[in-house]
Amino acid sequence: MRLLLIALTILATLTTSHPTYAQPLWMRLPPTPTLPKPETSGTAPINGVRIWYAEFGHGTPVILAHGGMANSDYWGLQIPVLAAHYLVIVLDSRGHGRSSRTNTPIGYDLMASDVLGLMDYLHVSKAALIGWSDGAIIGLDIAIHHPDRLTRLFAFAANSDPSGVKDVSKSPVFTAYLQRASEEYARLSPTPTQYKAFRANIENMWATEPHFTDAQLSHIKVPTWIADGDHDEAIKRENTDHMSATIPNSSELILPGVSHFAFLQDPVMFNESLLHFLSTDDGARIQQ
């Protein structure tokens with residue numbers, strides 16, 4: 001019995017000496033947040049569809065553009081922090097979330113036109129834009145073709161060409177995200193039974209767009225940060241580095257220990273980065 005007690009004591013010591021480490025942040029997909037109550041919300045008739053939008057806070061306008069297959073709820077952890085200082089505008093891209101779509105193929109130029117149309121609808125002449133993934137590509141599209149509409153651009157997890165995208169089918173996190181996206185589409189979309197066609201459209205867009213040339217990137221004058229997580233499962237780091245090196249006077253920010261979903265995985269770090277980005281000398285000032 002004494003030998004058994006000694007053995008159990010040694011086993012317990014070894015167990016407590018070598019704890020099981022928690023799963024790294026970049027391997028997690030935290031729950032989709034809930035949006036706070038907006039100051040105003042509604043749908044705007046833009047380019048033949050109804051674009052859902054919401055506004056929070058007051059001050060200099062900041063637009064948040066979400067990623068492909070997602071919706072504005074994904075910004076739920078950023079909005080309260082930013083809305084304390086800025087007028088925050090979120091929108092569901094066409095076909096995404098609460099916004100409608102038509103049979104017209106969805107592409108980045110068209111979604112960028114939708115953002116500009118919403119700005120006109122809300123009487124916003126210029127704004128800072130914070131984009132994630134497809135939302136960041138939309139921001140780059142606007143910076144290239146309509147630079148007068150942006151004060152600043154924070155492009156997180158963008159790619160300038162389809163060659164800059166990894167094989168996301170190998171990622172358990174991205175696979176879980178796509179499964180969640182299908183469930184959210186059924187719950188939010190005005191066409192809840194059309195997910196299969198919607199996903200086929202978006203996946204075709206990912207495979208064929210964008211094609212921003214070095215000449216286009218090198219003529220961007222909008223103050224720009226190119227950002228990503230150091231464990232992004234969707235975007236190749238060399239494409240991120242290339243965009244930052246090609247866009248004049250841009251800054252590159254690589255957030256540690258997070259992935260394509262950094263704003264969910266470490267919202268404190270992500271939000272601090274956004275506040276710093278927005279409050280720099282050549283950007284929108286925090287309203288005191």
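Any value given below was found using the heavy atoms of this structure, including those in side chains, with hydrogens, waters and symmetry copies removed.
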In terms of the angle between their ring planes, are [X] and [Y] parallel, tilted or perpendicular, with boundaries placed at 30° and 60°?
| X | Y | value |
| --- | --- | --- |
| Phe270 | Phe263 | perpendicular |
| Phe154 | Phe156 | parallel |
| His276 | Trp225 | tilted |

Quick check: closest heavy atoms across [X] and [Y], and the distance to 0.1 Å?
| X | Y | result |
| --- | --- | --- |
| Ala158 | Ile137 | CB-CG1, 4.0 Å |
| Asp232 | Ala157 | OD2-CB, 3.5 Å |
| Ser100 | Arg50 | OG-N, 2.8 Å |
| Leu150 | Ala143 | CD1-N, 3.8 Å |
| Phe212 | Leu140 | CE1-CB, 3.7 Å |

Reported OG-to-CZ distance for the pair Ser189 and Phe198, which is rounded to 0.5 angstrom =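 If I round to the nearest 0.5 Å, the distance is 8.0 Å.
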Spell out, as yes or no, whether a donor-acceptor pair under 3.5 Å connects the side chain of Ser41 to the backbone of Pro38.
->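 Not at all, since once roles are kept as given, no pair shorter than 3.5 Å links the two residues.
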Passes side chain to side chain contact (heavy atoms under 4.5 Å, CB included), Leu82 versus Trp75? Steps please.
-> CA-CA 10 Å; Leu82 297 179; Trp75 294 119; over 6 Å; no
Report, one line per pair, each donor and acceptor closer than 3.5 Å where one atom sits in a side chain of residues 124-133; sequence neighbours left out.
{"unit_1": "Trp132", "atom_1": "NE1", "unit_2": "His260", "atom_2": "O", "d": "3.1"}
{"unit_1": "Ser133", "atom_1": "OG", "unit_2": "His260", "atom_2": "NE2", "d": "3.0"}

Are Arg199 and Glu203 ion-paired here, with the side-chain N under 4.0 Å from a carboxylate O?
->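 Yes.
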